[in-house]
Amino acid sequence: MPAYRYCPQCGEPLEVLPLSGRDRTACVAHACGFVHWDNPLPVLAAVVEYDGKLLLARNAAWPEGMFALVTGFLERGETPEQGVARELKEETNLDAQSVALIGVYEFMRKNELIIAYHVRATGTIALSEELLEYRLVEPEKMRVWNAGTGFAVADWLAARGHPVRFFDRQSGQDIDDPRQAPQPGTPGGLQYRL
């Protein structure tokens, strides 16, 4: 189902047309030219290091026990580094002392492109109304979710020599590292590689 049924510029009905090698939702009204490209949104994620531990937060809309990184959308007129520092301040009241790129990760399920940073933070934690609670986890005790920002945490842990333990969010069970290709001749294994 298309994101738009009517053109946000002229109000005419939209149609699915082949454009630039893909089917796109577009306006066929003469002289309008609107195309909904549906490109991924840039999302910022912070692997927050606070007092030697990693800060995880629970969004108010999430079930109990579900924690993740501080994330947010990049806003017009700011660099990704400024944006991740702003999100950290808005959501936790912490100040970013240093911001270093970890990597860029796909999150196709939500049509997002995650730009992940390691942020060393100071200050006193005071959560925004968007967050219900937080946890501080020692890096060597961290268990990593197998999607989106979890891969940024895994890369950060591995780069510092910490163990990387993935778990399945549905079952809670530890799983093999999904970043690794299955070895030939091993039973089972994963069906994809990132």
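We number each residue from 1, following the sequence as shown.
With hydrophobic clusters built from ILVMFWY side chains whose heavy atoms lie under 4.5 angstrom apart, Val70 shares a cluster with Ile115. Under a hydrophobic-cluster definition in which Ile, Leu, Val, Met, Phe, Trp and Tyr are linked whenever side-chain heavy atoms come within less than 4.5 Å, directly or via other members, Phe151 and Val144 are assigned to the same cluster. Note: the hydrophobic cluster containing Val137 also contains Phe167 (ILVMFWY, side chain heavy atoms under 4.5 Å, direct or indirect links). A chain of hydrophobic side-chain contacts below 4.5 Å, direct or via other Ile, Leu, Val, Met, Phe, Trp or Tyr residues, connects Ile102 to Val153.
With Glu112 contributing its side chain and Ile114 its backbone, the two residues share no donor-acceptor pair below 3.5 Å. Here the side chain of Arg24 pairs a donor or acceptor atom with the backbone of Trp37 at under 3.5 angstrom. Side-chain N or O atoms of Asn111 include one that pairs as donor or acceptor with a backbone N or O of Asp38 at under 3.5 Å. A donor-acceptor distance shorter than 3.5 angstrom exists from the side chain of Arg143 to the backbone of Gly172, with no hydrogens or angles considered.
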Using the rule given for salt bridge (charged side-chain N to carboxylate O under 4.0 Å, His left out), can you reason through Asp155 versus Arg179, listing the C-alpha separation, both sets of side-chain angles and the distance that settles it, and then say yes or no?
CA-CA 10 Å; Asp155 287 348; Arg179 299 171 304 160; 2.6 Å; yes

Pair Asp23-Leu17, side chain to side chain contact (heavy atoms under 4.5 Å, CB included): steps then yes or no:
CA-CA 5 Å; Asp23 286 344; Leu17 302 171; over 6 Å; no

With side chain to side chain contact (heavy atoms under 4.5 Å, CB included) as the criterion, how do Tyr105 and Leu113 come out once you've worked through the C-alpha distance, each side chain's angles and the decisive distance to 0.1 Å?
CA-CA 6 Å; Tyr105 304 85; Leu113 187 67; over 6 Å; no

Can you check side chain to side chain contact (heavy atoms under 4.5 Å, CB included) on Thr92 and Leu55, steps first, answer last?
CA-CA 10 Å; Thr92 67; Leu55 176 106; 3.9 Å; yes

List the steps and the verdict of side chain to side chain contact (heavy atoms under 4.5 Å, CB included) for Thr71 and Leu44.
CA-CA 5 Å; Thr71 61; Leu44 305 170; over 6 Å; no

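Shown here is Arg160, whose CZ atom has more than 12 heavy atoms of other residues, nucleotides or ligands within 6.0 Å. Atom CD of Glu138 is surrounded by more than 12 heavy atoms from other residues, nucleotides or ligands within 6.0 Å.
Residues Leu54 and Leu136 form no side-chain contact, since every pair of their non-hydrogen atoms from C-beta on lies 4.5 Å or further apart. In this structure the side chain of Leu157 reaches within 4.5 angstrom of the side chain of Met142, judged on heavy atoms. Looking only at side-chain heavy atoms (C-beta outward), Asn146 and Asp168 come within less than 4.5 Å of each other. Residues Val119 and Val47 fail the side-chain proximity criterion, which asks for heavy atoms closer than 4.5 Å. Side-chain contact between Leu19 and Val35 is present, with heavy atoms from C-beta onward closer than 4.5 Å. Contact annotation: the side chain of Phe166 approaches that of Val164 to within less than 4.5 Å [non-hydrogen atoms, C-beta and beyond]. Two residues are said to be in side-chain contact when any heavy atoms from C-beta on lie closer than 4.5 Å; Leu69 and Val48 fail this criterion.
Distance CG/Leu88 to CD1/Ile125: 9.0 Å, rounded to 0.5 Å. Atom CD of Glu91 is separated from atom CG of Leu131 by 5.0 Å, given to the nearest 0.5 angstrom. Atoms CZ and CZ, on Arg135 and Phe67 in that order, are 4.0 Å from each other to the nearest 0.5 Å. Residue Thr124 holds its OG1 atom at 7.0 Å from CG of Asn93, rounded to the nearest 0.5 Å. For the atom pair CG of Leu14 and CD of Gln9, the computed distance is 10.0 Å after rounding to the nearest 0.5 Å.
In this structure, His162 and Trp156 have parallel ring planes: the angle between them is below the 30° cut-off, well short of the 60° mark.
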Side chains of residues 78-86: which donor-acceptor partners sit under 3.5 Å, not counting sequence neighbours?
from	atom 1	to	atom 2	distance (Å)
Glu78	OE1	Arg86	NE	2.9
Glu78	OE2	Glu75	N	2.9
Glu78	OE2	Arg86	NE	3.3
Glu78	OE2	Arg86	NH2	2.7
Thr79	OG1	Gln82	N	3.0
Thr79	OG1	Gln82	OE1	3.4
Glu81	OE2	Tyr117	OH	3.2
Gln82	OE1	Thr79	N	2.8
Arg86	NH1	Glu90	OE1	3.2
Arg86	NH1	Glu90	OE2	3.3
Arg86	NH2	Phe73	O	3.0

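Taking each heavy atom of Pro139 and Gly52 in turn, the nearest pair found is CD-O, 3.5 Å.
The side-chain hydrogen bond (donor to acceptor under 3.5 Å, both in side chains) analysis of residues 45-65, with sequence neighbours excluded, yields the pairs Glu49-His118, Glu49-Arg120, Arg58-Glu133. Note on residues 95-104: pairs passing side-chain hydrogen bond (donor to acceptor under 3.5 Å, both in side chains), not counting sequence neighbours, are Lys89-Asp95, Gln97-Thr122.
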